[in-house]
Number of protein chains: 2
Amino acid sequence: MAATTRMTRQKKVIIDILKNTKNHPTADWIYEQARRIIPDISLGTVYRNLRQLTQSGEILELNYGSSYSRFDGNPVPHYHFVCENCGRVYDVDMPVLEKIEKEVEEKMGFSVKNHRLEFYGVCSDCQQKVRVD
Amino acid sequence: MAATTRMTRQKKVIIDILKNTKNHPTADWIYEQARRIIPDISLGTVYRNLRQLTQSGEILELNYGSSYSRFDGNPVPHYHFVCENCGRVYDVDMPVLEKIEKEVEEKMGFSVKNHRLEFYGVCSDCQQKVRVD
DNA sequence: TTAATTGCAAACCCTTTGCTTCATC
DNA sequence: GATGAAGCAAAGGGTTTGCAATTAA
């Protein structure tokens with residue numbers, strides 16, 4: 001039988017932080033925010049909850065290039081833009097490519113469950129700074 | 001002035017391994033292969049060369065989900081399929097979406113340099129195994 | 001009551017780095 | 001020769017985990 005999961009104060013705070021930011025934060029950033037509400041929450045608890053929420057599909061784990069993961073409180077499929085200068089991750093407001101998964105399934109004979117599309121470049125904020133250099 | 005790079009026996013072997021596999025290997029796998037030819041090559045050397053080759057654009061570093069990187073000896077833009085069961089990474093033989101980067105540039109006002117598209121699912125090998133379970 | 005979750009700290013694992021020696025240019 | 005690169009081993013840094021104590025259900 002499947003293990004049941006319980007709603008804890010810690011998990012509630014973590015979900016709340018994630019659902020109320022657009023920043024695609026790292027585990028550590030979430031930990032710092034959570035400590036403002038539960039000062040002795042532990043980093044291990046943050047990681048355990050993030051993993052559980054990722055596995056249940058309630059949040060998304062992003063790992064684009066960097067050595068650490070970012071998390072996205074919005075599990076609805078969408079694309080991302082990663083700024084190679086400041087590291088920020090932006091949502092890209094663009095319709096999800098529907099047909100493309102079927103195309104791959106037919107071409108390769110694999111079962112495709114989802115896809116991820118990320119753009120890399122320099123965001124508008126950083127373009128201004130780069131000009132100055 | 002820019003630092004010059006030298007061609008060493010170690011680097012030659014690493015490039016050769018990468019150009020002659022379709023497996024998108026990990027650093028460790030490359031290390032094991034290289035040791036067959038240079039038994040006392042060090043893992044640090046493998047990592048240093050992989051980083052140098054990545055930075056010069058001669059190879060590609062892939063980091064899809066797992067906690068470790070894979071490397072691709074083919075720097076020409078193409079897409080990948082990641083099997084969630086066995087972890088293998090396959091090339092997807094599909095034309096690269098040309099117009100999509102411009103679309104994002106216009107929509108967001110960012111400068112887009114490249115994009116990455118990965119598909120996730122179960123490869124044909126693993127589909128057979130999953131049925132048995 | 002009972003078993004999932006927490007805090008704490010140590011362990012993990014992949015990757016990087018400092019330093020001396022080696023070898024390419 | 002000069003200096004970029006190798007080998008070795010230790011350090012780094014993000015993430016996971018073992019264990020006793022809590023706490024949700």
Side-chain angles (χ1 to χ4, degrees), chain A residues 1-18 23-56 58-72 82 87 89, chain B residues 1-18 23-56 58-72 82 87 89:
Chain A
M1 63 212 77
T4 60
T5 80
R6 293 176 185 173
M7 180 52 67
T8 63
R9 198 158 84 87
Q10 288 82 347
K11 192 195 284 188
K12 214 173 282 175
V13 166
I14 290 167
I15 292 173
D16 193 57
I17 290 169
L18 262 168
N23 288 331
H24 308 85
T26 62
D28 203 63
W29 188 89
I30 296 166
Y31 170 59
E32 290 304 333
Q33 299 302 310
R35 287 218 296 178
R36 296 182 179 181
I37 297 150
I38 307 175
D40 64 348
I41 193 174
S42 79
L43 189 53
T45 294
V46 172
Y47 273 106
R48 270 185 292 236
N49 277 297
L50 288 173
R51 184 157 34 131
Q52 192 183 95
L53 292 166
T54 300
Q55 284 173 349
S56 74
E58 197 166 341
I59 66 172
L60 255 40
E61 181 177 0
L62 316 175
N63 34 15
Y64 299 151
S66 8
S67 52
Y68 47 84
S69 286
R70 290 172 172 276
F71 296 86
D72 191 334
V82 182
V89 176
Chain B
M1 64 210 75
T4 59
T5 79
R6 291 177 185 171
M7 179 53 66
T8 63
R9 198 158 82 86
Q10 289 81 349
K11 192 195 285 191
K12 215 173 281 175
V13 166
I14 290 167
I15 293 174
D16 193 57
I17 290 170
L18 261 167
N23 287 332
H24 309 85
T26 62
D28 203 63
W29 187 89
I30 296 166
Y31 171 59
E32 289 305 332
Q33 300 302 309
R35 288 217 297 177
R36 295 182 180 181
I37 297 151
I38 307 175
D40 64 347
I41 193 173
S42 78
L43 189 53
T45 293
V46 173
Y47 273 105
R48 268 186 293 239
N49 276 296
L50 288 174
R51 182 156 36 129
Q52 193 184 95
L53 292 167
T54 300
Q55 284 173 349
S56 74
E58 196 165 342
I59 66 172
L60 254 41
E61 180 177 0
L62 316 174
N63 33 14
Y64 299 153
S66 10
S67 52
Y68 46 84
S69 286
R70 291 173 171 277
F71 296 87
D72 191 334
V82 182
V89 176

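Below, chains carry the letters A, B, ... as their sequence lines are ordered, and counting in each starts from 1.
Taking atom NZ of A:K11 as the reference point, atom C1' of D:dT23 lies 13 Å away to the nearest angstrom. One interatomic measurement links the two molecules: CD of A:E61 to P of D:dG14, which rounds to 15 Å at whole-angstrom precision. Here the C1' atom of nucleotide C:dC14 and the CD atom of B:E32 are 14 Å apart, to the nearest Å. With rounding to whole Å, A:I41 atom CD1 is found 10 Å from C:dG7 atom C1'. For the pair A:Y47 OH and C:dA9 P, the interatomic distance rounds to 17 Å; values are reported in whole Å. As a whole-Å value, the separation of B:I38 CD1 from C:dA23 P is 11 Å. In this structure, the OH atom of A:Y31 is 16 Å from the P atom of D:dT16, given to the nearest Å. As rounded to whole Å, 14 Å separates atom P of C:dT5 from atom NZ of A:K12.
Pairing each heavy atom of A:I15 with each of A:M7, the nearest pair is CD1-CE, 4.2 Å.
If you check D:dT15, C:dT6, C:dT15 against the side chain of A:L43, the one that comes closest is D:dT15. The side chain of A:R48 lies closest to C:dC8 when the candidates are D:dG4, D:dA25, C:dC8. In the set D:dA5, C:dG7, C:dT15, C:dT15 carries the atom at the smallest distance from any side-chain atom of B:Y68. The B:N49 side chain lies nearest to D:dA6 when the options are D:dA6, D:dG7, C:dT6. Residue B:R6 has its side chain nearest to D:dA5 when only D:dA5, D:dT15, C:dG7 are considered. Comparing D:dT15, C:dT15, D:dG7 by their nearest atom to the side chain of B:D40 picks out D:dG7.
Taking 4.5 Å as the limit, every side-chain heavy atom of A:N63 sits out of range of all side-chain heavy atoms of B:N63. Counting heavy atoms from C-beta on, the side chains of A:L62 and A:V89 come closer than 4.5 Å. Contact check for A:E58 versus A:L18: no side-chain heavy atoms found under the 4.5 Å cut-off. At a threshold of 4.5 Å between non-hydrogen side-chain atoms, the residues B:Q10 and B:I38 count as touching.
At the phosphate of D:dG14, neither OP1 nor OP2 sits under 4.0 Å from any side-chain N or O atom of B:S67. A sub-4.0 Å separation between OP1 or OP2 of D:dG4 and a side-chain N or O of B:Q52 is absent. Contact annotation: A:Q10 does not reach the phosphate of D:dT23 (side-chain N/O to OP1 or OP2, under 4.0 Å). Taking side-chain N and O atoms only, B:T4 has no distance below 4.0 Å to OP1 or OP2 of D:dT3. Under 4.0 angstrom from either OP1 or OP2 of D:dC8 there lies no side-chain N or O belonging to B:S42. Between C:dT17 and B:R51, a contact under 4.0 Å exists linking OP1 or OP2 to a side-chain N or O. Note on A:T45: a side-chain N or O is less than 4.0 Å away from OP1 or OP2 of C:dG7.
Along DNA chain C, the nucleotide nearest to B:T26 and the one nearest to B:T5 differ in position, and the one closer to the 5' end is contacted by B:T26. Looking at which nucleotide of DNA chain C each of B:A27 and B:T8 is closest to, the 5′-most match is held by B:A27.
No contact: B:D28 has no heavy atom under 4.0 Å from any strand.
The main-chain N or O of B:T45 is found under 3.5 Å from a side-chain atom of B:N49 such that the two form a donor-acceptor pair.
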